[in-house]
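Quick notes on the structure that follows.
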Amino acid sequence: MKRATLGKLPGILALAVAGGARRAAASGWDRINMPRGVTNVSTRIYALHMMAFWVCVGIAVVVFGVMIWSLVFHRKSRGAVADVTMTHSTKVEIVWTIIPVVILVSMAIPAARLLVRINNNTNPQLSIRVTGFQWGWYYHYVGTHVSFVSKLSASSNAASRLDSGISPTSVPHYLLSVDHKLVVPVGEKIRLLITSVDVIHSWWVPDLGVKKAAIPGFINQASFTIAPNKPGVYRGQCAELCGRGHAFMPIVVRAVSPAQFNAWLEQHSAQQTEAAAGPPATGPSRT
Amino acid sequence: MVESQLTAAHAEHDHKPRGWRRWVFATNHKDIGTMYLILSGIMFFIGGSAAMIIRAQLFKSGMELVDPTVFNSLTTMHGLIMIFGAIMPAWVGLANWMIPMQIGAPDMALPRLNNLSFWILPFAFTLMLASFFVPGGAIAGGWTMYPPLMQQFGDAFPMMIFAIHLMGISSILGAINIIVTIMNLRAPGMSLLRMPLFVWTWLITAYLLIAVMPVLAGAMTMQLTDHFFGTSFFNAAGGGDPVLFLHVFWFFGHPEVYILILPAFGIISEIIPSFARKPLFGYEAMVYATASIAFLSFIVWGHHMFTVGMPVAAQLFFMFSTMLIAVPTGVKVFNWVATMWRGSMSFEPPMLFAIAFVFLFTVGGLSGLMLSLVPADYQYHGTYFVVAHFHYVLVPGAVFAIFAGIYYWLPKWSGRMYDMRLAKWHFWLSVIFVNVLFFPMHFLGLAGMPRRIADYAPQFTDWNMVASIGGFVFGASQLLLPYIVWKCVRSGKPVEVNSPWDGARGLEWELPTPAPYHSWEFPPTEAVLAHADKH
């Protein structure tokens, strides 16, 4: 099952080697825009985002165009004389109230449709309990004995100490690598049941299009299906300020084929004979 | 002739207490306004210093400058200081100076209350800033102060809550004073729909303040009792609900952001007509748009928390109501553009800042529209995209409008003209580097950088460096403002005419320059009002 990851590795490594500083031409776009992602959810969000972006660009071009025209041609230094009779126009004002309404409705309809679709958490093929804590994640595959804690990798942890002297670029996936990745199958609907044992966290992986708050006392749901042709490693971070270690609790998801996933699950069930022991005792693990 | 009579009358009454008594026992709206503005300036530079340390830490990947807890304290305090310490007092200061002069009133209606509402603030801010030095340091849970994280802080926790209570009392008293002044002290003939827009927007802002400051105080008091008296409002283990705090906080928080921006709309609506030498287009539409925005601000709070797991119906409601705000806001922008259209524009510093406001506030408004789309917000929420959005509406938005107001009215206050060249330098440095500072944050957020992180993965380094450089230059160029003001007050060229701006209209420009210590002791006559209205 390592092979699936390895397939992606050269690309990812190239990115890491290209380094924080130097943007390779090929990777320029994803440094400034939302990733298209690999799930049914993320690709649709991306499409909505781009639609909204171009609508905004259109509005900006029209409004700023008129303004710039005015700034250039209606200036006193050019001898422009103010038209002081121009105080209001009911007709114009109705027009520029109705046009935005039309634009808004045309954006709201696809957004509402997508929202309803995303929030359909029924009939998952796999449920995973995700529990945030200060500072890491605890995963439990519902209906199995497989559970584990996922925390910042040792190499990132060492480099992230104040004045560690270790260059972040020398650490693979600095702050975006964990000791134990969350492994999921591609092509299956996965439902996350998200909660927290201490403060509010937020589980976010941009490529999956999932961000959901982990709140003590609540169990939130989020669902996604990774495209069957998109196995790989997807990285994210906690997206809700949760204290000292907020920047240091990444999320790494490894998506593999269902067969590889089943093999992985069996192997881990055998290892973890004892039932899910529950999340670890909380308390600052970062000093 | 009217003017000379007024001047003579004023000269007699132009007495003021000398020395420290003038300030500590101040009841004059101009003195209190000045104190508010100075306090706001001090807090602006303290909050700005925090931002400089934040940008230095984020200059590149790797923990090199400050500890993560200190970093979190800095982001938290930067937000609180800028909102409650810099922008809000600046608006109250401008309101104090300008509202009585603009409506033909001799002073604020409740001068002693005015004194109280100002003098609470230095104590509130002392308490707030002192919390940096208590064991455990300042609170580090973000300006939104979400529990249960907020419950984890030490002595700074109650200090911050009491500071917020004090600021809330000050704001409420100030708001009452402004409402009473506008409702009761308008000159005869100054009907509501004849008031300058700065007065209108402040009237609406004052109602927002009275409506929501108690809500914040309530939420913070519930946190206080959770911490010290064993209640469980927000404690899940005791049957409480952390999400309740989010709802209550943002019920305050969203109107709060309009408290920060509505007076800006007012100032811009006065400056653009002055320098386009043309009446404001759609005055009444502007008033109604402001009122609509204020009303909508009470029913959109859920858009700050789309990812907390609200029911789909609630998310839809908050998405639609949020998108609706674009309509009255659009009306405002279109009216400003229409005011410039076929005008005779000149580009003095107040106008430059006002034009930059319209451009850059619109950029922030458009990213706001993108954020209102819930599915897209699932990706934007909690990232630098949000940071870019609200800084665009608050810095080149609210802060630029404050600068515009200062450059517009400073000659009237001081009787002297400031150094135009330096003020233009201040403008160009600000407008260029505010974009270098905040525009890359859109990219960072979209590319996946969460906000409020003390350190980040190396792929975010490029744009963070750009933002930090923009931040340092923007921050440094702000030092020009106090220098320009100081130089103007000390040695600016005296302004001999009532109005240094040939296109400016409004009652304040009917007064002599500098504005006498006691202005409009006799209400302006209809002739003066008519002259003030005339364009």
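First the proteins, then the strands, lettered A, B, ... as listed; each starts at 1.
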message: Is L149(B) close to chain A through its backbone or its side chain, or both, or neither, when contacts mean heavy atoms under 4.5 Å?
response: both
query: Does some side-chain heavy atom of T169(A) sit less than 4.5 Å from a side-chain heavy atom of Q459(B)?
result: no
task: Select one option (side chain, backbone, both, neither) describing which atoms of A237(B) are under 4.5 Å from chain A's heavy atoms.
output: neither
- prompt: Do you know which of A239(A), A112(A), S156(A) has the most heavy-atom pairs with chain B at a distance under 4.5 angstrom?
  reply: A112(A)
task: Answer whether the closest heavy-atom distance between the side chains of V199(A) and Q151(B) falls below 4.5 Å.
output: no
query: Among H88(A), K212(A), M86(A), H246(A), which residue forms the greatest number of heavy-atom pairs with chain B at distances under 4.5 Å?
result: M86(A)
- request: With a 4.5 angstrom heavy-atom cut-off, could you sort out which part of S89(A) is near chain B: side chain, backbone, both or neither?
  value: both
message: I'd like to know if K211(A) and D377(B) make a salt bridge, using a cut-off of under 4.0 Å between side-chain N and carboxylate O.
response: no
- prompt: By a 4.5 Å heavy-atom criterion (distance strictly below it), what part of V66(B) contacts chain A: side chain, backbone, both, or neither?
  reply: backbone
field: pair P216(A)-P148(B): side-chain heavy atoms closer than 4.5 Å
entry: yes
- prompt: When only heavy atoms count and the cut-off is under 4.5 Å, which of residues 98-105 of chain A reach chain B?
  reply: P100(A), V101(A), L104(A)
Part of M107(A) lying under 4.5 Å from any heavy atom of chain B: both
task: Tell me, out of S202(A), S167(A), C242(A), who's got the most heavy-atom pairs with chain B below 4.5 Å.
output: C242(A)
message: Under 4.5 Å from any heavy atom of chain A, what part of D455(B) do you find: side chain, backbone, both or neither?
response: both
message: I'd like to know which of V55(A), L48(A), L71(A) tops the heavy-atom pair count under 4.5 Å against chain B.
response: L71(A)
query: Between L65(B) and chain A, which part of the residue has a heavy atom less than 4.5 Å away: side chain, backbone, both or neither?
result: backbone
- prompt: Given that the side chain runs from C-beta out, which part of N464(B) has a heavy atom under 4.5 Å from chain A: side chain, backbone, both or neither?
  reply: neither
task: Would you mind listing every salt bridge (charged side-chain N to carboxylate O under 4.0 Å, His left out) that reaches into residues 139-148 of chain B, with sequence neighbours excluded?
output: none
statement: Honestly, the part of Q152(B) sitting under 4.5 Å from a heavy atom of chain A is side chain
- prompt: Considering only heavy atoms, which portion of M340(B) lies under 4.5 Å from any heavy atom of chain A: side chain, backbone, both, or neither?
  reply: both
Heavy-atom proximity to chain A below 4.5 Å, by part of Y456(B): backbone
statement: When the 4.5 angstrom heavy-atom criterion is applied to I200(A) and chain B, the contacting part is both
field: Residue, of G217(A), A52(A), A108(A), that accumulates the most heavy atom pairs under 4.5 Å with chain B
entry: A108(A)
message: For V81(A), which atoms come within 4.5 Å of any heavy atom of chain B: side chain, backbone, both, or neither?
response: backbone
query: What residues form a salt bridge (Lys or Arg N to Asp or Glu O under 4.0 Å) with R342(B), not counting sequence neighbours?
result: D83(A)
message: Less than 4.5 Å apart, side chain to side chain, heavy atoms only: is that true for N335(B) and W96(A)?
response: yes
F334(B), part contacting chain A, at a heavy-atom distance under 4.5 Å: both
query: Does CD1 belonging to I219(A) count more than 12 external heavy atoms closer than 6.0 Å?
result: no
message: Which heavy atom of L175(A) sits nearest to which heavy atom of A457(B), and what is that distance?
response: CD1-N, 4.3 Å
- request: Check whether L371(B) gets within reach of chain A through its side chain, its backbone, both or neither, counting any heavy atom under 4.5 Å.
  value: neither
query: At a heavy-atom separation under 4.5 Å, does Y46(A) approach chain B through its side chain, its backbone, both, or neither?
result: neither
query: Does T87(A) reach the side chain of F281(B), with side-chain heavy atoms less than 4.5 Å apart?
result: no
field: Those residues that, when tested against E64(B), pass salt bridge (Lys or Arg N to Asp or Glu O under 4.0 Å) (two or more places apart)
entry: K60(B)
Ring centres under 6.0 angstrom apart (W203(A), Y378(B)): no
message: So for L115(A), is it side chain, backbone, both, or neither that comes closer than 4.5 Å to the heavy atoms of chain B?
response: both
message: Can you tell me which of G165(A), P35(A), A222(A), P206(A) forms the most heavy-atom pairs within a distance under 4.5 Å of chain B?
response: P206(A)
Part of P147(B) within contact of chain A (heavy atom distance under 4.5 Å): backbone
message: Walk me through whether Y380(B) and M34(A) qualify under side chain to side chain contact (heavy atoms under 4.5 Å, CB included).
response: CA-CA 9 Å; Y380(B) 306 141; M34(A) 183 189 287; 3.4 Å; yes
field: Contacting moiety of T383(B), where chain A heavy atoms sit under 4.5 Å
entry: side chain
task: For the pair Q379(B) (side chain) and I45(A) (backbone), establish whether a donor and an acceptor sit closer than 3.5 Å, ignoring hydrogens and angles.
output: no
query: Within the side chain of S344(B), is there an N or O that forms a donor-acceptor pair under 3.5 Å with the backbone of A80(A)?
result: yes
task: Taking the side chain as every heavy atom from C-beta outward, state whether I453(B) and F248(A) have any pair of such atoms under 4.5 Å apart.
output: no
- prompt: F359(B) versus V63(A): any side-chain heavy-atom pair under 4.5 Å?
  reply: no
query: Are any non-hydrogen side-chain atoms of I355(B) and M67(A) less than 4.5 angstrom apart?
result: yes
